[in-house]
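Below is one structure, written out as structure tokens; the observations come after it.
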Amino acid sequence: MSQTDSPYTGRFAPSPTGPLHIGSLIGALASFLDARANGGRWLLRMENIDPPREIAGADQRILSTLRRHGLLWDGDVLEQSSRHVAYNTALTELLNSGHAFYCSCSRRQLRERGGLHQGECAAAVDPGDCAIRLRVPDVTVTANDRLQPPLSQNLQTEVGDFTLKRRDGHYAYQLAVVVDDAFQNISHVVRGSDLWISTPRQQYLQSMLKFPAVSYLHFPVIVGDDGHKLSKQTFAAAVDDSRACENLLLALRFLNQPLPPPAQATSPTKILGWAVDHWQLAALPRVMGQPQSAFYNN
Ligand code: GLU
């Protein structure tokens, strides 16, 4: 089967809020290896929809780090900053079908209601200075995962009517990710477990927009020694591009994958080729929250 008619299309979707750290490199590697081991395509999407959180130049630095690590994607990078028309079209459809509504609730009002929006306001026309939310019914959505046990969430009591467009005019991650996974024909999402909790609402939004279902795999994210997820915003150390082989071996160790013999570990391309051939889904760690120091110290 040629790559173009492969039923597997995966992706890596970094936000340019800083350079890649070891946790995000692990995410890139896991999604790359799973795609290539399944004869699939691997696409890259720059999730630059949130300018206030972005760092100038981070997008180019991320691309350069991926290249230096041999993580070469198929086709052109999809920039979310160029996708506003598509997001707006999806929003209009949801507003017209009555699934989305304008919301002028203040943060304080939301806090007073326990942080959830549960059908309180429902403006069908824009009163100005509003967020747009998706109205969620009292249903339980169960997200299946290739690695984790099924995750069931009652959308109304556990999530609430969620934001599709923020009050400051920026499109929300949940809307953009669903619209773009469909646009890029993504069949398989492999990403860190911090986003597992978002999956039921993404699946619900996919069904509202009549998009095809996606298969998910959430691997446990690496955490700092303080127990929190490594994050670009909290300035987790950027990966050192001059140590690409070492970084890839470290990431493979974290993913509990077999390591190549030294003769096959002399370049990123060789390491990746070997790792694709030896990719073992069943070996992936399932336990959440392993501290990064455990991997640096052995
Ligand atoms: N842009 C998100 C991040 O950098 C990833 C989104 C996704 O994989 O769905 O954490």
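Whatever order the structure lists them in is the order used to number ligands and atoms, beginning at 1.
- Residue L116 is found outside any hydrophobic cluster, as its side-chain heavy atoms come under 4.5 Å of no other Ile, Leu, Val, Met, Phe, Trp or Tyr.
- Considering L255, V190, L250, N247 in turn, L255 is the only one that fulfils the side-chain contact (heavy atoms from CB on, under 4.5 Å) rule with L29.
- Every residue meeting the side chain to side chain donor-acceptor pair (under 3.5 Å) condition with S242, not counting sequence neighbours, appears here in chain and number order: D240.
- Ion pair R146/D34 flagged as a salt bridge, since at least one NZ, NE, NH1 or NH2 atom sits closer than 4.0 Å to an Asp/Glu carboxylate oxygen.
- Side chains of Q118 and D161: a donor-acceptor N/O pair is absent below 3.5 angstrom, by distance only.
- Among the atoms of A13, some N or O lies under 3.5 angstrom from an N or O of ligand 1.
- For Y173, every heavy-atom contact with ligand 1 shorter than 4.0 Å involves the side chain, none the backbone.
- Taking 4.0 Å as the cut-off, R11 counts as a neighbour of ligand 1 on heavy-atom distance.
- When only interatomic distances are considered, the shortest N/O to N/O separation between E47 and ligand 1 falls below 3.5 Å.
- Close approach of ligand 1 to V177 (heavy-atom distance below 4.0 Å) involves ligand atoms 9 (O).
- Listed by number with element, the atoms of ligand 1 under 4.0 angstrom from any heavy atom of L195 are 5 (C), 6 (C), 7 (C), 8 (O), 9 (O).
- Residue S15 has at least one heavy-atom neighbour below 4.0 Å for each of these atoms of ligand 1: 1 (N), 2 (C), 3 (C), 4 (O).
- Looking at L134 and H99, their side chains come closer than 4.5 Å, going by heavy atoms from C-beta outward.
- Here V189 has no heavy atoms under 4.0 Å from ligand 1, in either its backbone or its side chain.
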